[in-house]
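Below is one structure, written out as structure tokens, with a few remarks after it.
Residue numbers start from 1 in every chain, and the chains themselves are labelled A, B, ... in the order their sequence lines are given, proteins ahead of strands.
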There are 2 protein chains.
Amino acid sequence: MARASDGVGRAPSMTDVAAAAGVSHQTVSRVLNGSELVRADTRARVEAAIAELGYRRNNAARLLVTNRSRRIGMIAAHLVLHGPGMIAVSVQDAGHKAGYDVSLVAVEDFSSQSLREAVGRLLDEAVEAIVVAVAHREALEQVRSLDAAVPIVVVQGVSAGQPMAVGIDQEAGARLAVEHLLDLGHRHVAHVTGPLEWVEAGQRRTGWQRAHEQRHVLPGPEFAGDWSPKSGYEAGLRIADEPDVTAVFAANDSMAIGLMSALHAKGRDVPGQISVVGFDNMPEAPYLWPALTTVDQEFSLLGRRAVELTLRALEGDLDPSTQLISPALVIRDSTAAPRLG
Amino acid sequence: MARASDGVGRAPSMTDVAAAAGVSHQTVSRVLNGSELVRADTRARVEAAIAELGYRRNNAARLLVTNRSRRIGMIAAHLVLHGPGMIAVSVQDAGHKAGYDVSLVAVEDFSSQSLREAVGRLLDEAVEAIVVAVAHREALEQVRSLDAAVPIVVVQGVSAGQPMAVGIDQEAGARLAVEHLLDLGHRHVAHVTGPLEWVEAGQRRTGWQRAHEQRHVLPGPEFAGDWSPKSGYEAGLRIADEPDVTAVFAANDSMAIGLMSALHAKGRDVPGQISVVGFDNMPEAPYLWPALTTVDQEFSLLGRRAVELTLRALEGDLDPSTQLISPALVIRDSTAAPRLG
DNA sequence: AGGGTGAGAGAAAGCGTTTTCAGTGAACAA
DNA sequence: TTGTTCACTGAAAACGCTTTCTCTCACCCT
């Protein structure tokens with residue numbers, strides 16, 4: 001087989017292939033696009049020529065005329081965090097499997113300007129749709145208000161009633177976590193929140209509240225966190241001083257890690273004196289000390305669903321409903337019944 | 001300002017802008033490309049028309065004629081792991097900042113076929129260069145042997161003497177870790193390796209060996225891991241039974257976490273009885289119990305350097321040297337002098 | 001034999017840019 | 001006035017493909 005580029009000239013074009021195969025370039029096009037209207041031997045000749053020349057079709061030219069890029073864009077942020085990172089990877093993966101390229105642009109803040117830029121960059125890449133994986137409420141509004149002439153699908157910070165959205169039911173996850181603790185016999189559960197500008201953080205907090213309401217008990221104290229292990233640690237130092245607190249729901253695993261570390265530092269035993277639940281089920285969760293009870297989100301499913309939704313939108317099916325995926329509680333060693341007395 | 005797409009027709013073209021501004025489309029082109037040869041008022045008229053129509057230039061058409069996509073490709077794997085994930089994000093980011101789009105394709109295995117596919121997909125996207133962020137030794141060879149007609153830059157699994165490569169000096173990092181333990185007075189250091197098909201895993205292991213050699217002592221026992229916290233945990237169970245081991249160097253933080261968990265489970269104190277060092281400095285490392293001593297890699301710098309190298313390659317400067325970035329040891333609470341006796 | 005049919009292949013137009021080349025004025029000097 | 005220069009703008013070709021239209025030929029039916 002010949003090298004991809006013999007000699008110095010430019011890459012071979014359809015015409016070159018056609019010449020080599022002794023047909024016209026339209027016939028080559030037909031072969032490439034799997035048309036039935038080509039005799040088997042002609043097709044074979046063309047394919048041989050293609051292999052021989054190492055020809056690959058020029059997508060720019062193709063896009064120019066078809067106007068279909070087979071590319072979808074994704075706007076994301078905070079890719080270093082577990083959740084956002086997983087979502088990005090899974091969407092990208094699902095997109096590829098569906099035959100689409102996916103362009104990721106990471107935004108660093110949610111100013112109208114940087115969002116506009118992100119959308120602009122994506123539009124310049126001729127994306128057919130945009131997946132927004134940004135959990136800030138205003139950010140989403142901003143992007144929507146830009147109304148680029150392509151469908152927009154939301155995968156993060158999703159709440160019921162949103163059109164073209166698929167997400168993991170954060171509130172349900174939080175309830176699972178809190179109910180588990182209440183079921184164990186804890187009177188109430190403290191909460192370390194995520195940054196409340198994040199839709200998810202608000203939803204997890206709501207779930208925490210609702211679970212208490214449902215049992216007609218008052219929620220435990222609330223501590224403000226920002227997803228970082230550090231903020232969890234700081235909350236932990238304060239929690240260690242509240243003798244009343246026997247159970248804590250941290251809005252993500254990273255904060256739970258910091259939290260447990262602070263509790264250890266203060267000589268409080270987990271779960272002996274205080275039970276801890278996280279959220280995310282990061283790979284390390286089962287191997288912490290103690291192994292962390294947490295809420296597992298099926299990110300790969302989310303990615304697949306998001307891409308399905310996008311593809312349907314491209315067919316013109318603008319689904320107004322919101323798909324919510326149920327997360328699951330994974331019970332490990334960091335939770336136990338409260339000590340009596 | 002007008003909407004991006006008024007009405008139903010197709011997107012406005014240069015000709016439309018030209019008509020609106022009362023010039024020819026070539027003048028519009030000049031304005032877009034920042035040519036000096038346009039009178040200020042003409043330019044203003046054109047710009048007004050552009051804003052008015054919500055025009056954006058069609059990159060496919062542009063690419064077709066310029067043959068410069070301003071896009072670079074990246075092949076990566078295991079994006080869920082801390083290191084690979086960070087590298088991908090940082091390269092992407094640095095690329096964007098340099099005005100390039102970067103297409104990421106994740107491979108799941110390193111068969112010649114899937115690598116060929118990955119390169120093919122990238123080539124179809126008309127990338128001008130390919131950044132390979134795959135740590136398997138054969139994988140790299142495979143990609144190189146495909147010799148796509150674009151420059152290839154390597155950012156992972158880099159070893160000295162490799163052309164067009166920039167990486168973090170894994171061996172140096174490992175030595176830092178081990179020397180720290182030896183300096184504390186440990187007689188030797190055990191090692192939990194990464195999967196040895198990974199270049200990095202091999203290099204960290206080599207660093208561990210060399211550090212011992214330099215002090216003329218024999219290295220401690222070696223345990224095979226695979227980066228996963230689980231494998232660290234399993235190694236930890238065995239290490240707990242080896243009374244001789246007072247210090248362990250785990251090839252990444254995840255394994256260190258599992259390791260410490262197993263030691264706790266077995267009632268061994270860290271660092272009281274056994275010191276532990278990790279590698280990666282993941283965000284949770286400072287907030288583990290105990291806070292983990294580990295090796296910090298400056299991924300963002302790596303990304304920037306990789307893109308610089310790529311850009312230079314595109315200018316024709318094929319740098320045959322290998323850039324190695326020095327990692328740094330971060331000392332925390334998981335390491336201490338061995339107990340005497 | 002004549003005409004209809006359908007498979008297969010070619011010709012030509014067009015997608016929206018950039019590039020190269022050629023033109024148009026105005027200003028200025030001779 | 002005439003030519004020369006300079007700043008600016010327009011015309012046309014080309015990039016590599018798909019799409020639509022047309023043509024050819026073999027085949028079958030009547």
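- For Gln113(B), the side-chain hydrogen bond (donor to acceptor under 3.5 Å, both in side chains) partners at least two apart in sequence or on another chain are Glu117(B).
- Nearest nucleotide to the side chain of Met14(B), out of dG10(D), dG16(D), dT17(C): dT17(C).
- Put simply, CZ on Arg62(A) is 18 Å from C1' on dG16(C), counting in whole angstrom units.
- dG16(D) atom C1' lies 19 Å from atom CZ of Arg68(B), rounded to whole Å.
- Checked against side-chain contact (heavy atoms from CB on, under 4.5 Å), Ile152(B) has the following partners two or more places apart in sequence or in another chain: Ile130(B), Val132(B), Val143(B).
- In the helix from dA1(C)-dT30(D) to dA30(C)-dT1(D), the end axes, each obtained as the rotation axis mapping the C1' atoms of four pairs onto the next four within a five-pair block, lie 60° apart to the nearest 10 degrees.
- In terms of phosphate contacts, Arg39(A) brings no side-chain nitrogen or oxygen within less than 4.0 Å of OP1 or OP2 of dG8(C).
- As rounded to whole Å, 15 Å separates atom C1' of dC15(C) from atom CG of Asn59(B).
- The salt bridge (Lys or Arg N to Asp or Glu O under 4.0 Å) pairs that include a residue from residues 56-65 of chain A are Arg56(A)-Asp124(B), where partners are two or more places apart or lie in different chains.
- Atom-to-atom, CG of Asn67(A) to P of dG16(C) comes out at 7 Å; the value is rounded to the nearest Å.
- Take Asp317(A) and apply the side-chain hydrogen bond (donor to acceptor under 3.5 Å, both in side chains) test, not counting sequence neighbours, and it matches Arg312(A).
- The distance between atom CG of Leu63(B) and atom P of dA14(D), rounded to the nearest whole Å, is 19 Å.
- The side chain of Ser13(A) places no N or O atom within less than 4.0 Å of a non-bridging phosphate oxygen (OP1 or OP2) of dG16(D).
- Contacts of residues 25-33 of chain B with DNA chain D (heavy atom under 4.0 Å): Gln26(B), Thr27(B), Arg30(B).
- Side chain of Ser69(B) to main chain of Ala126(B): a donor-acceptor pair is present (N/O by atom type, distance under 3.5 Å, no hydrogens or angles).
- Screening residues 114-162 of chain B for ring pair (Phe, Tyr, Trp, His ring centres under 6.0 Å), with sequence neighbours left out, gives Phe110(B)-His136(B), His136(B)-Trp198(B).
- Atom pair Asp124(A):CG and dT17(C):P shows a separation of 11 Å (rounding to whole Å applied).
- Rounded to a whole Å, the CZ atom of Arg70(B) is 16 Å from the C1' atom of dT17(C).
- Judged as a ring-ring contact (aromatic ring centres under 6.0 Å, His included), and not counting sequence neighbours, His96(B) has no contacts.
- Residue-level contact check: Thr42(B) touches the backbone only, with heavy atoms under 4.0 Å from sugar-phosphate atoms and none from bases.
- Residues passing the side-chain contact (heavy atoms from CB on, under 4.5 Å) test with Ser114(A) are Asp109(A), Ser111(A), sequence neighbours excluded.
- Leu64(A) places its CG atom 12 Å from the C1' atom of dT18(C), with the value rounded to the nearest Å.
- With DNA chain D read from its 5' end, the first of the two nearest nucleotides for Ser24(B) and Ala61(A) is the one closest to Ser24(B).
- No side-chain heavy atom of Val166(A) sits under 4.5 Å from any side-chain heavy atom of Thr322(A).
- For the side-chain hydrogen bond (donor to acceptor under 3.5 Å, both in side chains) test, no residue two or more places apart in sequence or in another chain qualifies with Arg43(B).
- Glu125(A) and Ser103(A) form a side-chain donor-acceptor contact under 3.5 Å, judged by distance and modelled atom types alone.
- Taking only side-chain nitrogens and oxygens, Arg57(B) comes nearer than 4.0 Å to OP1 or OP2 of dT18(C).
- Residue Val23(B) places its side chain closer to dG10(D) than to any other of dG10(D), dT19(C), dG16(C).
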Query raised in the report: Could you write nucleotides 22-27 of chain C as a row of B, S and -, 5' to 3', where a protein heavy atom under 4.0 Å of any base atom gives B, of only sugar-phosphate atoms gives S, and otherwise -?
Result: ------

Do any side-chain atoms of residues 77-94 of chain A form donor-acceptor pairs under 3.5 angstrom with protein atoms, and if so which ones, sequence neighbours left out?
from, atom 1, to, atom 2, distance (Å)
Ser90(A), OG, Met86(A), O, 3.3
Ser90(A), OG, Ile87(A), O, 3.0
Ser90(A), OG, Phe299(A), O, 3.1
Asp93(A), OD2, Lys97(A), NZ, 3.0

